[in-house]
Amino acid sequence: MFRRILVAHRGEIALRVIRTAREMGIECVAVHSDLDRRALHVRMAHVAVPLEGNAPGQTYLSMDKILAAAKATGAEAIHPGYGFLSENAVFARRVVDAGLVWIGPPPGAIEVMGDKLKSRQAMQAAGVLAVPGTAEPLADIEAAVAGAEEVGYPVALKAAAGGGGKGIRVVRKPAEMATAFRTASGEAQAAFGDGRLYIERYLDRPRHIEAQVLFDAHGAGVHLFERECSIQRRHQKLIEESPSPVIDPDQRASMGATALAAARAVDYVGAGSVEFLWSGGEFFFLEMNTRLQVEHPVTEMVTGKDLVREQIRIAAGEPLGYRQEDLRLSGHSIEVRINAEDPSNGFLPSTGTLHNLRAPGGPGVRLDTSMYRGLEVGTNYDPLLGKLIVWAEDRAMAIARMCRALEELNVGGVRTSAPAALSVLNADAFRSGDFDTHFLDGFSLEAPRHREKLVAAVAVVFRRHLAQRRALAKSAADRSSWRDRGRAMTSDRVRRASQPEGGA
């Protein structure tokens, strides 16, 4: 096992990795920008190395600085977290070439699955059914029109090297293709340095469901069931849960087997997520995330497996030590992302200084966060402040527990996505499981009635409390006044009694 690892990330995921590593007896090296010098992951690590600057390109995306920090501190391995360099095949190769261990999949697997066209081609070769579409980059607008006619409208133009919802445009008729092509290609070029596009059939009411997989370096692999990730806005997930309310045991086994086949097609090692679009009872391969997912805690809650521990064990060469039949789903888990965003204003970023933080607690409640009082929240990095996760015996109980936990949560100083999540959790369609990836389109994000009642009730109690305090203060003042008057009268009697008759 490793003696020391470097965590090449920040925020709650850096803390998440450090906590598990410490439990395993592994020392951790943190890296940080100037803005993050007081961050919790810096305080929790055994050693911290400053990456001078604040822009991601100067700090958490600087391969040279991170590799130099690993060498200077004697780290034996690098854990990339998620985001930043976690799916960068060039960085993974540089880590290995530097004589360090990359706590992630082989660079070749990252390269194939990170390119949407290469991954589609690999899946076709492996017999994995993907969303119908083109497998080659579109040469121009005319090729896009021809591809759309072959696939059938509506279609989605998608960036070949994309992610995070960038470089995607829906085209419903040929007249829309030219504008959509230029816009999507330009956005992809700006975001990824690669303007190549391809076409997929656009499913009007799909669900986004993904399967977690683990592979060791000895050829053994398992899936840890599925996660429902359909509650999204602008292709960014807000609420995730496991298991999915629409997947039955037979389809769960089929989806898991498909995910394992997809990973084996690229000789996968480590933790990864195979994403599917589900529609009308069918599911299609969408892409594979060659890293730990933000929503990995819900899988941990229903399986009892620490996925970070498994990543580190696998990277150290240890076998999985269990088989598919050894894994069981237990209960239901839901995760809500707490983002520094204003839901009432189109989820625009919210900035400020955290002056208050009240964390929820109780059975089955977990808060993965890097928040602390005094934290300066800006726009330099991702708006994710933390994740609230709950577990309960069934889905209805998990929803009730999450609602209670969200009502307890208080983040003072910035607006967060928590009220939006609470509105979703109280929607009849969500509770019944009848939703898709477009659920938030036009959804009202007003506070639910029971929350308004709770606020009103708290206000009543607070007013009563103030009234009682005033009454007690007045009573104490009255008693003090009577005591003072009594003392004065007693003092006067004593003074007069002590005087000789006839006066002084």
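As the structure is a computational prediction, the values presented were derived from the model and not from experiment. Position 1 is the first residue of the sequence, and the numbers go up from there.
Side-chain polar atoms of Ser230 and Asp436 form no donor-acceptor pair below 3.5 angstrom. Side-chain N/O atoms of Arg309 and Gln311 include no donor and acceptor closer than 3.5 Å. Neither side chain, Thr134 nor Glu136, offers a donor N or O lying under 3.5 Å from an acceptor on the other. For the residue pair Gln232 / His208, a side-chain donor-acceptor distance below 3.5 Å is found, with atom types taken as modelled.
Classified by interplanar angle (parallel below 30°, tilted 30° to 60°, perpendicular above 60°), the ring pair Phe84/Tyr60 is parallel.
Side chain of Arg358 to backbone of Glu408: a donor-acceptor contact under 3.5 angstrom is found. Judged by distance alone, the side chain of Ser333 and the main-chain N or O of Val390 form a donor-acceptor pair under 3.5 Å. One N or O on the side chain of Thr369 and one on the backbone of Leu385 form a donor-acceptor pair closer than 3.5 Å. Using modelled atom types, no side-chain atom of Asn339 and backbone atom of Ser417 make a donor-acceptor pair closer than 3.5 Å.
Listed here is the closest heavy atom pair of His41 and Ile18: O-CD1, 3.5 Å. Closest non-hydrogen pair, Ile78 versus Leu100, comes out as CD1-CD1, 3.9 Å.
Under a cutoff of 6.0 Å and an axis angle of 45°, Arg252 and Phe283 do not form a cation-pi pair. Judged by the 6.0 Å distance and 45° axis criteria, Arg233 is positioned over the aromatic ring of Phe347. Geometrically, Arg207 engages Phe435 in a cation-pi contact, judged by NZ or CZ lying under 6.0 Å from the ring centre and within 45° of the ring axis.
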Could you check Glu241 against Arg227 for salt bridge (charged side-chain N to carboxylate O under 4.0 Å, His left out), going step by step and ending with a plain yes or no?
CA-CA 6 Å; Glu241 58 184 308; Arg227 295 186 290 257; over 6 Å; no
Before you tell me yes or no, could you show the steps for Glu27 and Arg3 under salt bridge (charged side-chain N to carboxylate O under 4.0 Å, His left out), namely the whole-Å CA-CA distance, both residues' side-chain angles and the distance that decides it to 0.1 Å?
CA-CA 6 Å; Glu27 294 182 358; Arg3 182 185 63 85; 3.8 Å; yes
Worked check of salt bridge (charged side-chain N to carboxylate O under 4.0 Å, His left out) between Glu240 and Arg337
CA-CA 9 Å; Glu240 300 99 354; Arg337 300 191 189 195; 2.7 Å; yes
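For the atom pair CG (Leu117) and CG (Leu197), the distance works out to 9.5 Å, reported to the nearest 0.5 Å. Remark: Leu214 CG to Gln324 CD distance equals 10.0 Å, nearest 0.5 Å. For the atom pair CD1 of Ile389 and OG of Ser242, the computed distance is 13.0 Å after rounding to the nearest 0.5 Å. Between atom CG of residue Asp115 and atom CD1 of residue Ile110 there is a gap of 13.5 Å, rounded to the nearest 0.5 Å. Atom-to-atom distance recorded for His332:NE2 and Arg395:CZ is 5.5 Å, nearest 0.5 angstrom.
With sequence neighbours excluded, the residues forming a salt bridge (charged side-chain N to carboxylate O under 4.0 Å, His left out) with Asp64 are Arg94, listed by chain and number. In this structure, the salt bridge (charged side-chain N to carboxylate O under 4.0 Å, His left out) partners of Lys237, at least two apart in sequence or on a different chain, are Glu210, Glu275, Glu295. Residues satisfying the salt bridge (charged side-chain N to carboxylate O under 4.0 Å, His left out) test with Arg401, not counting sequence neighbours, are none.
Here the two rings, on Trp278 and Phe284, have centers that are 6.0 Å apart or farther.
A salt bridge between Arg93 and Glu111 is present, with a side-chain N of the basic residue lying under 4.0 Å from a carboxylate O of the acidic one. Under 4.0 Å is where a charged nitrogen must lie from a carboxylate oxygen, and between Asp326 and Lys305 no such pair does.
Side chains of Pro105 and Phe215 form no contact here, defined as non-hydrogen atoms less than 4.5 Å apart. In this structure the side chain of Arg404 reaches within 4.5 angstrom of the side chain of Val365, judged on heavy atoms. The shortest distance between side-chain heavy atoms of Val131 and Phe285 does not fall below 4.5 Å.
Checked options Leu354, Asp36, Thr353, Leu40; the residue passing with Leu375 is Leu354 (criterion: side chain to side chain contact (heavy atoms under 4.5 Å, CB included)). Screening Arg169, Lys158, Lys166 for a salt bridge (charged side-chain N to carboxylate O under 4.0 Å, His left out) with Glu187, the sole residue that qualifies is Arg169.
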